[in-house]
Enquirer: 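Take this structure first; my questions come after.
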Amino acid sequence: MSATVHEVLNPATEDLVRTVDLVGVEETDAAIARAVEVGPVWRGLAPADRGRLLRRFGQAVDDHLEELARLEVANAGHTIGNARWEAGNVRDVLTYYSAAPERLIGQQIPVAGGVDVTFAEPLGVVGIIVPWNFPMPIAAWGFAPALAAGNTVVLKPAELTPLTAIRLGELALDAGLPPGVFTVIPGAGAVVGQRFVTHPAVRKVCFTGSTAVGQQIMRGAADQVKRITLELGGKSANIVFADSDLERAAQSAPYGVFDNAGQDCCARSRILVQASVYDRFLELLQPAVQGVKVIAPETADAEMGPLISANQHARVSSYVEGDSVDVAFRGSAPQGPGFWYPPTVVLPKSTQDRIWREEVFGPVVSVLPFTDEADAIAKANDTDYGLSGSIWTRDLGRALRMSRAVEAGNLSVNSHSSVRYSTPFGGFKRSGLGRELGPDALSAFTETKNVFFSEE
Ligand code: NAD
């Protein structure tokens with residue numbers, strides 16, 4: 001029994017791509033019941049066999065990489081280059097964690113009177129709730145390590161972007177994962193997502209999305225002491241010192257914030273520039289911003305596509321048009337249909353301005369000057385968030401001091417890279433709880449069991 005139907009629109013054209021049935025609580029409960037039932041089969045597989053199935057799933061993704069990428073261009077307006085990277089990331093995350101079942105080792109701890117060992121036990125059913133901004137990678141960062149650790153998974157894509165997740169669910173079955181091990185359930189957050197929180201058989205919820213909904217999930221999880229991982233919002237700083245390669249810092253700054261039209265939790269949306277080079281930096285930034293290719297996302301050299309929806313367009317516009325904000329300069333964007341918004345650089349009056357403090361989640365970046373290291377640290381940390389950030393300097397000592405002082409989970413020095421599947425990802429403060437990816441991700445999907453074997 002389907003509660004509602006969602007019309008998936010192409011954000012670049014506003015054309016209807018497809019309709020998708022949004023499921024209700026009954027179907028959600030049925031999928032959870034299947035995931036419970038098949039749990040012993042999945043965790044009972046020999047570790048090498050579970051790994052082999054995950055590699056086959058990764059291979060199936062690779063075999064359909066272009067199809068998945070095209071689907072994401074149509075559904076989310078991602079540039080074709082980004083969408084190919086995203087599908088490739090799903091393959092890589094599956095491949096990386098396919099080696100994990102055979103390496104899920106415990107400890108043998110010296111004790112008197114016997115032998116003590118630990119086991120990394122799967123949790124059971126894991127519920128994964130995905131936002132619309134990176135539908136494929138964020139899904140895989142949850143389901144790949146969860147499955148590798150022996151859990152079964154129910155996954156809810158965002159209402160706006162269900163298509164690639166649905167296809168990944170089909171590819172998992174084609175690859176030979178037993179039915180019920182990985183089920184994709186398109187539905188409303190307040191229905192399906194909320195059911196993951198309240199259903200006692202779902203032992204963990206991995207949520208990526210807004211801080212407000214993350215807080216709601218954390219409150220709800222308390223009732224059952226349910227395990228959670230939260231990846232939430234961000235308002236990250238890009239800190240540019242006078243001793244940096246200023247040309248490179250300015251040239252790369254747009255790509256640190258306008259990627260995915262700024263709908264990126266890691267967007268470096270607050271640029272802090274040392275006062276002595278502030279004017280020169282803005283001079284260099286202007287052509288870099290105006291050079292960003294904001295064109296039809298399926299075009300091979302497109303660098304930025306549209307926003308995801310009319311709502312998101314209205315939200316982003318309200319930050320710039322609504323608050324008498326000082327716009328320094330803008331890039332270009334196509335006219336006509338589609339939720340297009342040009343790359344925009346604004347100059348706030350102070351760190352108290354709304355646009356400096358709140359996550360816009362669009363292609364808008366604010367620039368402010370700072371005086372010295374202490375001022376840069378104070379301004380960078382003057383936020384409730386702490387997800388990522390960049391530091392531009394040629395002074396190694398300063399790079400070390402700054403990278404220890406900035407309160408954020410993912411920093412890069414002289415680059416804007418945030419995410420590699422082999423390194424941990426997650427936020428400080430209100431940007432989240434727990435870490436995804438990297439060598440330790442499986443510990444977020446297992447319980448440590450300690451067993452003592454008596455010699456007697
Ligand atoms: P959102 O919080 O509105 O929705 C995220 C997901 O949660 C969707 O699938 C939605 O259906 C579901 N949801 C909504 N209400 C729910 C409820 N009451 N119970 C359970 N699930 C519910 O966020 P969004 O607008 O889709 O995504 C944008 C936000 O995500 C931004 O704030 C962004 O910073 C954040 N984000 C964070 C990361 C990260 O890794 N830290 C990555 C991507 C996006």
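We're numbering straight along the sequence, starting at 1. Each ligand, and each atom within it, is numbered from 1 in the order the structure gives. Only a predicted model underlies this, so the values are computations on that prediction, with no experimental measurement involved.
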Enquirer: Please classify the F207 to ligand 1 contact at 4.0 Å (heavy-atom distances, strictly less than): side chain, backbone, both or neither.
Expert: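 The answer is the side chain of F207.
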
Enquirer: Can you tell which part of F196 has a heavy atom less than 4.0 Å from ligand 1: side chain, backbone, both or neither?
Expert: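 Neither part.
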
Enquirer: One residue to check: I217. Relative to ligand 1, which of side chain, backbone, both or neither has a non-hydrogen atom less than 4.0 Å away?
Expert: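 The part of I217 near ligand 1 is the side chain, not the backbone.
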
Enquirer: Give the numbers and elements of all ligand 1 atoms closer than 4.0 Å to a heavy atom of A158.
Expert: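 Matching atoms, with element in brackets: 9 (O).
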
Enquirer: Rounded at 0.5 Å granularity, tell me how far CZ in F361 sits from CH2 in W132.
Expert: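 One finds 5.0 Å between CZ of F361 and CH2 of W132.
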
Enquirer: Got an N/O contact under 3.5 Å between N133 and ligand 1?
Expert: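 N/O-N/O distance under 3.5 Å: no.
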
Enquirer: Is the shortest heavy-atom distance from the side chain of V126 to the side chain of K204 under 4.5 Å?
Expert: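 Side chain of V126 against side chain of K204, heavy atoms only: contact under 4.5 Å found.
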
Enquirer: Which bit of I129 gets closer than 4.0 Å to ligand 1, counting heavy atoms only: side chain, backbone, both or neither?
Expert: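 Within the 4.0 Å criterion, I129 contacts ligand 1 through side-chain atoms alone.
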
Enquirer: How far is atom 1 (P) of ligand 1 from its nearest protein heavy atom, and which residue and atom is that?
Expert: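 That would be S210 OG, 3.6 Å.
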
Enquirer: Does atom 7 (O) of ligand 1 have a protein non-hydrogen atom under 4.0 Å from it?
Expert: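 Looking at atom 7 (O) of ligand 1, one finds that a protein heavy atom does lie closer than 4.0 Å.
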
Enquirer: Using a strict cut-off of 4.0 Å, indicate which atoms of ligand 1 neighbour a heavy atom of C265.
Expert: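 Close to C265: 34 (O), 36 (N), 37 (C), 38 (C), 39 (C), 40 (O), 41 (N), 42 (C), 43 (C), 44 (C).
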
Enquirer: Does ligand 1 have a heavy atom under 4.0 Å from the side chain of L387, from its backbone, from both, or from neither?
Expert: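 The part of L387 near ligand 1 is the side chain, not the backbone.
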
Enquirer: List the closest protein heavy-atom neighbour of atom 24 (P) of ligand 1: residue, atom name, distance to the nearest 0.1 Å.
Expert: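 For this ligand atom, the closest protein heavy atom is W132 NE1, 3.5 Å.
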
Enquirer: Could you tell me whether E359 approaches ligand 1 through its side chain, its backbone, both or neither, with non-hydrogen atoms closer than 4.0 Å?
Expert: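 The part of E359 near ligand 1 is the side chain, not the backbone.
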
Enquirer: What do we get for Q263 next to ligand 1 when only non-hydrogen atoms under 4.0 Å count, side chain, backbone, both or neither?
Expert: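 It is neither part, as no heavy atom is under 4.0 Å.
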
Enquirer: For ligand 1, which part of V130 has a heavy atom less than 4.0 Å away: the side chain, the backbone, both, or neither?
Expert: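 Backbone only.
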
